[in-house]
Amino acid sequence: MTMWVGTGGVGELVHDEQARVSALDHGFTVGDGIFETMKLVHGRVFLLSWHLERLHESARVMRIALPTNATLTSVVRRVAAANDCGALGRLRLTITAGVGPLGSSRNAVPPTVTCAATAMAPRLGSATLQYAGWPRNERSPLAGVKSTSYSENVLALAEATAAGASEALFLNTRDEICECTGANIFIVRDGVAFTPPATAGLLRGITRRFVLTLATADLDVREAVLTRSDLESADEVFLTSTFQEVRPVTRIGDHAFAEGPITAELAKRFAIQASSPSCWT
Ligand code: PMP
């Protein structure tokens with residue numbers, strides 16, 4: 001794989017085996033970084049401007065000085081062009097606080113920037129969920145930040161998959177429905193699709209944002225605070241994420257759900273709207 005490795009706005013394309021980041025990088029030692037994962041289809045990037053917007057929001061909270069959007073766009077395009085990922089690829093842009101001391105303080109250095117892309121197999125079928133064993137802290141400064149500190153997600157997903165589920169679902173400290181380790185959640189009740197608001201402590205998914213734009217006069221899609229009983233009594237449940245797109249959920253713990261018509265309609269609308277050339281860079 002050919003990837004980008006740089007410091008601030010300066011860097012180079014290299015083979016991943018030649019790519020070098022310092023072992024003292026604060027991303028490596030303390031998880032002090034942010035990232036974006038983007039969908040590539042035949043080398044074109046889906047909703048790049050939305051990903052850059054979210055990256056800027058993460059960078060603002062984490063006080064990481066980003067290279068310009070022109071630089072980031074050029075890095076993304078060059079990595080997309082340098083790797084033939086075919087029909088579906090995953091492009092990841094990672095930006096850390098750079099080389100730092102061996103503790104939590106930082107050095108005043110430019111950020112480390114890496115970008116890589118690999119081919120992916122499309123995901124298949126519906127999802128099953130298990131509740132995570134601890135809450136998402138909606139009061140954490142990292143709530144809503146796409147931080148490289150993903151260890152809580154790694155642990156929760158490992159527990160869920162060991163129990164035979166495909167995803168773990170987090171409640172927050174108020175026992176509201178929050179999100180999964182790599183996806184946002186929607187429920188359908190009486191023909192209306194609801195998803196928790198950002199105040200629940202979730203990552204504002206690019207796909208969630210796109211699905212919220214699919215509402216029409218005859219199909220309401222909106223944000224609402226949701227409880228566990230709202231979820232368990234829902235008519236339909238589905239996940240959204242860059243690679244799962246709109247994916248039905250058929251089980252949460254002991255509760256089974258049918259794959260329903262609103263989920264199918266939103267999946268269809270998603271596919272139609274997402275094929276617009278304006279979504280692709
Ligand atoms: N929540 C979390 C914690 C995630 O990691 C992701 C995947 N990036 C999502 C939600 C869904 O976001 P997106 O639609 O941007 O992939």
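In this text, all values refer to a predicted model and were calculated from it rather than measured experimentally. The first residue in the sequence is number 1, and the count goes up from there. Atoms within each ligand, like the ligands themselves, are counted from 1 in listed order.
The closest approach between K146 and ligand 1 falls below 4.0 Å for a heavy atom of the residue. R54 counts as a contact of ligand 1, since one of its heavy atoms falls under 4.0 Å from the ligand. Distances shorter than 4.0 angstrom occur between a heavy atom of Y150 and an atom of ligand 1.
V75 and V14 sit in two unconnected hydrophobic clusters of ILVMFWY residues. Membership requires side-chain heavy atoms under 4.5 Å apart, directly or through other members. Note on M120 and V246: same hydrophobic cluster, where clusters join Ile, Leu, Val, Met, Phe, Trp and Tyr whose side-chain heavy atoms are under 4.5 Å apart, directly or indirectly. Hydrophobic clustering of Ile, Leu, Val, Met, Phe, Trp and Tyr side chains at less than 4.5 Å, counting indirect connections, keeps F170 apart from L157.
By the criterion of a heavy-atom distance under 4.0 Å, the backbone of T181, and not its side chain, is placed next to ligand 1.
A cation-pi arrangement is found for R209 relative to W50, the charged atom lying closer than 6.0 Å to the ring centre and inside a 45° cone about the ring normal.
Each of the atoms 13 (P), 14 (O) of ligand 1 lies under 4.0 Å from some heavy atom of T207. If you number the atoms of ligand 1 from 1 as listed, the ones under 4.0 Å from a heavy atom of E179 come out as 1 (N), 2 (C), 3 (C), 10 (C). Against a heavy-atom cut-off of under 4.0 Å, T242 is close to the following atoms of ligand 1: 13 (P), 14 (O), 15 (O), 16 (O). Those atoms of ligand 1 that come under 4.0 Å of a heavy atom in G182, given as number and element, are 2 (C), 4 (C), 5 (O), 6 (C), 7 (C), 9 (C), 11 (C). Listed by number with element, the atoms of ligand 1 under 4.0 angstrom from any heavy atom of C180 are 3 (C).
Under 3.5 Å, the side chains of N107 and H26 contain no donor-acceptor pair of N or O atoms.
Between E53 and R204 no salt bridge is recorded (no basic side-chain N to carboxylate O distance below 4.0 Å). Here D16 does not pair with R92 in a salt bridge; the nearest charged N to carboxylate O distance is not below 4.0 Å. Look at R60 and E57 and you find a salt bridge, because one of the NZ, NE, NH1 or NH2 atoms lies within 4.0 Å of a carboxylate O, short of that distance.
With hydrogens left out, the protein atom closest to atom 11 (C) of ligand 1 is N184 OD1, 3.6 Å, a heavy atom.
On a distance-only criterion, G205 and ligand 1 share no N/O pair closer than 3.5 Å.
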